[in-house]
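Reading through the structure tokens given below for one structure.
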Amino acid sequence: MKKFLIYSDKILTAITYAAYVALLIYIIVRFGFGADILKALLIPATGFILETVIRDRLNFPRPYEKTGVPPIIPKKTKGHSFPSRHAFSVTMIVMMYVFYLPYLGVVMLVIAVCLCIIRVKGGVHSALDVTAGAVLAAAYAAFFMWLFK
């Protein structure tokens with residue numbers, strides 16, 4: 001189970017980021033170098049910066065810091081648990097897919113849910129951490145995609 005969680009975390013994270021690059025290539029091919037590629041780059045980037053500032057200011061302890069139980073997924077970071085950066089990032093990518101390729105967005109959503117569960121089961125985040133990261137990303141992306149449509 002330990003190896004499964006560790007490898008699943010790495011593989012799903014890599015798939016997510018590769019899928020984002022593939023989406024950017026699709027947007028460039030389909031829409032060119034215009035407003036759509038700017039939205040697909042700037043909305044996630046600015047959201048990521050906001051999420052980083054929030055988690056830095058809040059500096060919530062990680063589950064293994066509170067319980068003293070070592071995480072299954074190797075991690076030595078102290079604090080910065082809330083909101084989860086993995087959950088935020090994968091959900092932001094899901095939202096970009098939902099906007100540009102909705103059917104693949106459903107696949108990406110399944111990957112996001114799995115990754116969030118793995119981060120909790122792996123002991124590096126709480127359910128609140130991943131939920132907050134996902135909700136923040138979904139709300140941020142939905143608002144700005146609506147604003148700049």
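Since this is a predicted model, take the numbers as computed values, not measurements.
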Q | pair K78-Y64: side-chain heavy atoms closer than 4.5 Å | A | no

Q. Quick one: does T46's side chain have a donor or acceptor within less than 3.5 Å of a partner on I43's backbone?
A. yes

Q: For the pair Y100 and M145, evaluate side-chain contact (heavy atoms from CB on, under 4.5 Å) and give the outcome as yes or no after the intermediate values.
A: CA-CA 11 Å; Y100 288 102; M145 290 303 277; 3.8 Å; yes

**Q.** Verdict with supporting geometry, I118 and H86, side-chain contact (heavy atoms from CB on, under 4.5 Å)
**A.** CA-CA 11 Å; I118 288 165; H86 273 80; over 6 Å; no

(Q) Side-chain heavy atoms nearer than 4.5 Å, only ILVMFWY residues, links allowed to pass through others: does that put I15 and V98 together? (A) yes

Q | Gap separating the NZ atom of K75 from the CD atom of E65, nearest 0.5 angstrom | A | 11.0 Å

Q | side-chain contact (heavy atoms from CB on, under 4.5 Å) partner of C114, the single match among V90, L12, L109 | A | L12

Q: Decide whether V106 and M92 are clustered together by the hydrophobic rule: side chain heavy atoms of Ile, Leu, Val, Met, Phe, Trp, Tyr closer than 4.5 Å, transitively.
A: no

Q.
How close do A40 and M96 get, counting heavy atoms only, and between which atoms?
A. CA-SD, 3.9 Å

Q) Is any side-chain heavy atom of P63 less than 4.5 Å from a side-chain heavy atom of S81? A) yes

Q. How long is the gap from CG on D36 to CG on L24, to the nearest 0.5 Å?
A. 11.5 Å

Q) Is atom OH of Y17 surrounded by more than 12 heavy atoms (other residues, nucleotides or ligands) closer than 6.0 Å? A) yes

Q. Do Y20 and S89 have side-chain N/O donor and acceptor atoms under 3.5 Å apart?
A. no

**Q.** Any donor-acceptor N or O pair under 3.5 Å, side chains R55, H80
**A.** no

(Q) Grouping I, L, V, M, F, W and Y whenever their side-chain heavy atoms are under 4.5 Å apart, do M95 and V110 come out in a common cluster? (A) no

(Q) For the CG atom of D129 and the CG atom of L58, what is their distance to the nearest 0.5 Å? (A) 10.5 Å

Q: Grab the two heavy atoms, one from R62 and one from G79, that are nearest each other, plus how far apart they are.
A: NE-O, 3.0 Å

Q: Measure the spacing between CZ of F99 and CG of L23 and express it to the nearest 0.5 Å.
A: 11.0 Å

Q) What distance do L147 atom CG and K39 atom NZ have between them, rounded to the nearest 0.5 Å? A) 10.0 Å

(Q) Any side-chain to backbone donor/acceptor pair from E51 onto F88? Under 3.5 Å, distance only. (A) no

**Q.** Least distance between heavy atoms, P71 atom then V124 atom
**A.** CB-CG1, 3.9 Å

Q) Can you find a heavy atom in the side chain of I117 that is under 4.5 Å from one in the side chain of V130? A) no

Q | Straight-line distance of K121 NZ to F4 CZ, nearest 0.5 Å | A | 12.0 Å

Q. Does a side-chain heavy-atom distance below 4.5 Å link L101 with M108?
A. no

Q) Should the pair F31 and Y26 be assigned to parallel (<30°), tilted (30 to 60°) or perpendicular (>60°) ring geometry? A) perpendicular

**Q.** Distance-only donor-acceptor check, side chains T52 and R85, under 3.5 Å
**A.** yes

Q) Mind checking whether I25 and L41 sit in one hydrophobic cluster, side chains of I, L, V, M, F, W, Y counted as touching below 4.5 Å? A) no

Q) Checking side-chain contact (heavy atoms from CB on, under 4.5 Å) for the pair I93/I111: CA distance, chi angles, key distance, verdict? A) CA-CA 11 Å; I93 293 166; I111 290 171; over 6 Å; no

Q) Does one hydrophobic cluster hold both L42 and I37, with members joined at side-chain heavy-atom distances below 4.5 Å? A) no

Q) Among all residues two or more places apart in sequence or in another chain, which pass the side chain to side chain contact (heavy atoms under 4.5 Å, CB included) test with K2? A) I6, I72

Q. Hey, what's the ring geometry for F144 with F148, parallel, tilted or perpendicular (30° and 60° as the breaks)?
A. parallel

Q: Show the numbers, then the answer: is there a side-chain contact (heavy atoms from CB on, under 4.5 Å) between Y97 and V107?
A: CA-CA 9 Å; Y97 264 93; V107 174; over 6 Å; no

Q) Can you find a heavy atom in the side chain of I54 that is under 4.5 Å from one in the side chain of P83? A) yes

